[in-house]
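None of the values given here were measured: they were computed from a predicted structure.
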There are 2 protein chains.
Amino acid sequence: MSKAEKIYKEYLKRTGGRDTQQKRTIITELSKLRSHFDIEDFINEIRKKDSKGSRATVYRVMKGLLKEGFIQKITTNDGKVYYEHNFTNKHHDHIICNSCGKIFEIESDRIENYINEYCETIGFKPEYRSLHIYGTCSDCL
Amino acid sequence: MSKAEKIYKEYLKRTGGRDTQQKRTIITELSKLRSHFDIEDFINEIRKKDSKGSRATVYRVMKGLLKEGFIQKITTNDGKVYYEHNFTNKHHDHIICNSCGKIFEIESDRIENYINEYCETIGFKPEYRSLHIYGTCSDCL
DNA sequence: ATACATGCAAATGGTTTGCAATACG
DNA sequence: CGTATTGCAAACCATTTGCATGTAT
């Protein structure tokens with residue numbers, strides 16, 4: 001069973017919905033993306049596979065994925081919106097340059113460990129996180 | 001000079017704008033808020049001080065404050081939007097329960113230090129951050 | 001005086017929703 | 001078959017913008 005298929009199964013289990021071709025296509029295509037993506041581009045991609053893929057369905061699936069922590073939403077300073085999945089379990093954080101808009105991705109076990117420790121002390125069960133660091137990158141300085 | 005006045009001066013310096021009563025009122029009222037707030041409530045608050053305070057002006061000032069890192073924007077899982085200032089320099093992060101929606105605030109020097117260290121290694125100058133941890137709180141577990 | 005700021009209302013853009021048609025279990 | 005899901009278009013809501021008016025410098 002492919003990675004995408006596994007995620008899809010897990011998604012169905014957690015959301016308790018029916019097994020449909022649309023959902024499967026969305027999650028399969030999603031799993032092919034490596035980095036943050038624009039949702040409009042993604043919808044166009046979906047439409048190549050399923051000519052009548054609807055925006056509404058994509059958003060409906062996205063909502064479930066967000067809720068279950070499979071994907072996250074990033075809003076940059078200037079209001080642009082991106083989505084990103086973390087199907088690989090390797091969660092990564094973002095460093096965003098306010099000057100040129102470039103986005104750097106980092107993985108940090110130290111932050112991860114710290115968060116887990118901290119949450120344990122207050123009895124909170126962390127599922128996913130979103131960390132964005134804004135500032136100025138070396139090129140712009 | 002009050003804290004709010006200091007922020008206001010700093011804001012003017014950084015954005016290079018003119019000194020107006022509206023901006024002053026917005027920043028003064030903002031500095032009175034302790035925690036995350038709903039912008040519509042905030043606009044109503046402003047209107048008590050300045051009967052014709054406009055949504056547009058509030059958003060315009062917010063935009064500058066966001067850009068300069070004086071405030072941050074939080075979007076919860078279910079799409080609700082909050083704002084929050086960090087006029088106190090004591091930046092704090094958020095832990096958000098996906099089940100009941102409660103928001104816990106934490107301060108973490110360890111995360112702060114780590115971020116500063118990390119950014120130094122890549123030549124990035126961090127200005128502010130947004131860290132949101134989603135999961136389930138002890139009450140909901 | 002003149003350029004920037006404000007207020008209003010209309011426009012925008014991302015996301016959600018009502019409803020009729022369709023497909024899963 | 002009965003109910004959840006889809007697709008479409010219209011609705012929604014937070015935010016932005018054009019323009020005429022007001023105000024700081």
Side-chain angles (χ1 to χ4, degrees), chain A residues 8-9 11-30 36-68 71-84 130, chain B residues 8-9 11-30 36-68 71-84 130:
Chain A
Y8 179 57
K9 286 284 180 344
Y11 168 79
L12 280 188
K13 191 162 67 178
R14 294 210 215 160
T15 59
R18 287 180 180 175
D19 179 357
T20 72
Q21 192 50 54
Q22 287 89 333
K23 288 177 188 170
R24 189 185 304 269
T25 302
I26 290 167
I27 289 174
T28 304
E29 290 308 306
L30 203 45
H36 47 279
F37 59 92
D38 173 79
I39 200 148
E40 211 55 31
D41 294 347
F42 181 64
I43 290 170
N44 290 331
E45 211 50 46
I46 292 291
R47 284 186 172 148
K48 289 184 192 162
K49 303 284 167 181
D50 173 6
S51 53
K52 55 181 166 143
S54 91
R55 199 183 317 284
T57 301
V58 169
Y59 275 107
R60 282 189 273 240
V61 174
M62 289 305 191
K63 196 171 189 179
L65 289 167
L66 268 173
K67 188 159 186 206
E68 294 302 327
I71 63 173
Q72 58 178 310
K73 187 177 166 181
I74 308 172
T75 305
T76 62
N77 231 32
D78 56 356
K80 277 211 224 35
V81 176
Y82 296 102
Y83 286 83
E84 172 174 273
S130 139
Chain B
Y8 180 57
K9 285 285 181 342
Y11 168 80
L12 280 188
K13 190 160 67 177
R14 295 210 216 159
T15 58
R18 287 180 179 174
D19 179 358
T20 71
Q21 192 50 54
Q22 286 90 332
K23 290 177 187 168
R24 189 185 303 270
T25 302
I26 289 168
I27 289 176
T28 304
E29 290 309 305
L30 203 45
H36 48 278
F37 59 91
D38 173 81
I39 201 149
E40 211 54 33
D41 295 346
F42 181 64
I43 290 169
N44 290 331
E45 210 50 46
I46 291 291
R47 285 185 171 147
K48 289 185 192 161
K49 303 285 167 177
D50 173 5
S51 53
K52 56 183 163 139
S54 92
R55 199 183 318 281
T57 300
V58 169
Y59 274 108
R60 282 189 272 241
V61 174
M62 289 305 190
K63 197 171 190 179
L65 289 168
L66 268 173
K67 188 159 187 207
E68 295 303 326
I71 64 174
Q72 59 179 311
K73 188 176 164 180
I74 308 172
T75 305
T76 62
N77 232 32
D78 56 354
K80 279 211 221 44
V81 176
Y82 296 102
Y83 286 83
E84 172 175 274
S130 139

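- Heavy-atom nearest nucleotides on DNA chain D were determined for A:Asp50 and for B:Arg55, and the one closer to the 5' end corresponds to A:Asp50.
- With the end axes of the helix from C:dA1-D:dT25 to C:dG25-D:dC1 each set by five pairs, the angle from one to the other reads 40° at 10° resolution.
- For the pair B:Lys23 (side chain) and B:Arg18 (backbone), a donor-acceptor distance under 3.5 Å is present.
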Tabulate atom names and distances for all N/O pairs under 3.5 angstrom spanning the protein and nucleotides 21-25 of chain C.
residue: C:dC24; atom: O2; partner: A:Arg18; partner atom: NH1; Å: 2.8
residue: C:dG25; atom: OP1; partner: A:Asp19; partner atom: N; Å: 3.2

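- In this structure the side chain of B:Thr57 never reaches within 4.5 angstrom of the side chain of B:Ile46, judged on heavy atoms.
- Phosphate contact (OP1/OP2 of C:dG7, side-chain N/O of B:Thr57, threshold under 4.0 Å): present.
- Close to D:dT15, at under 4.0 Å from its OP1 or OP2, lies a side-chain N or O of B:Lys73.
- With hydrogens and angles ignored, a donor-acceptor pair under 3.5 angstrom links the side chain of A:Arg60 to the base of D:dG7.
- Checked against side chain to side chain donor-acceptor pair (under 3.5 Å), B:Lys52 has no partners two or more places apart in sequence or in another chain.
- Contact annotation for B:Tyr82: no contact, since no heavy-atom pair falls under 4.0 Å across all strands.
- Phosphate contact (OP1/OP2 of C:dT15, side-chain N/O of A:Tyr59, threshold under 4.0 Å): present.
- Minimum atom distance to the side chain of A:Lys63 is reached by C:dT17, of the listed C:dT15, C:dT17, D:dT15.
- Side chains of B:Ile39 and B:Met62 form a contact here, defined as non-hydrogen atoms less than 4.5 Å apart.
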